[in-house]
Amino acid sequence: VQLQACGGGLVQAGGSLRLSCTASGRAFSSATMAWFRQAPGKEREFVAAINRSGSSYYADSAKGRFAISRDNAKRLVFLQMNSLKPDDTAVYYCAGRPNLFNSARSVDYAYWGQGTEVTVSS
């Protein structure tokens, strides 16, 4: 599965962005998909995951503000981000794993996109 993320940009605190991830390959429909992010000088961290059945899982930092969704027919994964904060500034990566279960560990994901940059100004 090859992944390509887009939708990042510059937004003011309190604003919204919608990230998209396009996947190629037939394995997408059975894969668990996730978003991770990496801020400058920090380690990559989990944001949200969604399995093939639509069951989702969020990091505490994303709960109530972010929503992950997927369109299996179009091989797309989305991350709707609302009420953005300067702390959300990071490069956001789309990731996938050939497994039914969600995971917050980056080592569990075999497929990675190139990342899209999100900058939230105060």
Side-chain angles (χ1 to χ4, degrees):
V1 176
Q2 293 183 324
L3 305 173
Q4 184 167 0
C6 65
L10 173 64
V11 64
Q12 289 188 333
S16 298
L17 279 176
R18 189 192 197 202
L19 305 184
S20 299
C21 175
T22 302
S24 62
R26 287 184 289 180
F28 173 81
S29 61
S30 61
T32 289
M33 303 300 297
W35 289 94
F36 286 78
R37 68 185 183 185
Q38 188 166 16
K42 295 186 177 181
E43 293 185 353
R44 189 170 297 188
E45 66 175 7
F46 171 75
V47 177
I50 185 168
N51 68 9
R52 65 183 183 185
S53 301
S55 177
S56 57
Y57 174 63
Y58 295 91
D60 288 343
S61 61
K63 288 179 182 176
R65 299 189 300 127
F66 295 1
I68 189 170
S69 60
R70 65 191 293 165
D71 184 331
N72 287 337
K74 296 182 179 179
R75 297 178 181 173
L76 292 168
V77 182
F78 304 101
L79 185 68
Q80 178 66 43
M81 304 188 294
N82 300 323
S83 302
L84 283 162
K85 307 173 183 179
D87 285 349
D88 295 318
T89 295
V91 177
Y92 284 71
Y93 297 90
C94 178
R97 66 192 296 252
N99 190 287
L100 172 64
F101 299 103
N102 290 325
S103 173
R105 304 193 318 158
S106 59
V107 295
D108 289 338
Y109 290 82
Y111 319 124
W112 290 88
Q114 85 289 359
T116 184
E117 189 168 1
V118 172
T119 303
V120 184
S121 63
S122 58

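Below, each value reflects all heavy atoms present in this structure, side chains not excepted, and no hydrogens, waters or symmetry copies.
The minimum heavy-atom distance linking L3 with G96 is given by the pair CD1-N, 3.8 Å. Nearest heavy atom pair, residue I50 against residue S69, reads CD1-CA, 3.8 Å. Of all heavy-atom pairs spanning A39 and A90, the tightest one is N-CB, 3.7 Å.
Salt-bridge annotation for D88 and K85: absent, with no side-chain N of the basic residue lying under 4.0 Å from a carboxylate O of the acidic one.
Taking the side chain as every heavy atom from C-beta outward, D108 and F101 never approach each other to under 4.5 Å. L19 has its side chain within reach of V118: a pair of non-hydrogen atoms, C-beta onward, lies under 4.5 Å apart. Side-chain contact between R44 and W112 is present, with heavy atoms from C-beta onward closer than 4.5 Å. R37 has its side chain within reach of S61: a pair of non-hydrogen atoms, C-beta onward, lies under 4.5 Å apart. Side chains of F36 and Y109 form a contact here, defined as non-hydrogen atoms less than 4.5 Å apart.
Here the straight-line distance linking atom OG1 of T116 with atom CG of L17 works out to 8.5 Å at 0.5 Å rounding. With values rounded to the nearest 0.5 angstrom, W35 atom CH2 is found 14.5 Å from E45 atom CD. Atom CE of residue M33 and atom CG of residue N72 lie 10.0 Å apart, to the nearest 0.5 angstrom. Separating the OG atom in S56 from the CG atom in N51 is a distance of 8.5 Å, to the nearest 0.5 Å. Rounded to the nearest 0.5 Å, atoms OG (S103) and CZ (F46) are 7.5 Å apart. Distance check: M81 CE to R18 CZ gives 11.5 Å after rounding to the nearest 0.5 Å.
The main-chain N or O of R97 is never found under 3.5 Å from a side-chain atom of T32 such that the two would form a donor-acceptor pair. With hydrogens and angles disregarded, a donor-acceptor distance shorter than 3.5 Å links the side chain of Y58 to the backbone of I68. Checking side-chain atoms of N102 against main-chain N and O of S55 turns up a donor-acceptor pair under 3.5 Å. The closest donor-acceptor contact from the side chain of Q4 to the backbone of G113 lies at 3.5 Å or more, if one exists at all. Counting only distance, with no hydrogens or angles, the side chain of T119 and the backbone of T89 share no donor-acceptor pair below 3.5 Å. Not a single donor-acceptor pair under 3.5 Å links the side chain of T22 to the backbone N or O of L76.
Residue Q2 places its CD atom among 12 or fewer non-hydrogen atoms of other residues, nucleotides or ligands, all under 6.0 Å distant.
By the side-chain hydrogen bond (donor to acceptor under 3.5 Å, both in side chains) test, Y93 pairs with no residue at all, sequence neighbours left out. K74 meets the side-chain hydrogen bond (donor to acceptor under 3.5 Å, both in side chains) test with no other residue; sequence neighbours excluded.
In the hydrophobic cluster analysis, where Ile, Leu, Val, Met, Phe, Trp and Tyr join through side-chain heavy atoms closer than 4.5 angstrom, Y111 is grouped together with Y92. Two different hydrophobic clusters hold V47 and F78 under the rule that ILVMFWY side chains link at heavy-atom gaps under 4.5 Å. Note on V11 and L79: same hydrophobic cluster, where clusters join Ile, Leu, Val, Met, Phe, Trp and Tyr whose side-chain heavy atoms are under 4.5 Å apart, directly or indirectly.
Relative to the ring axis of F28, R70 places its NZ or CZ within 45° and under 6.0 Å from the centre.
The SG atoms of C21 and C6 sit 2.5 Å or more apart.
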Applying side-chain hydrogen bond (donor to acceptor under 3.5 Å, both in side chains) to S16 and N82, what does each step give before you reach the verdict? CA-CA 4 Å; S16 298; N82 300 323; 2.9 Å; yes
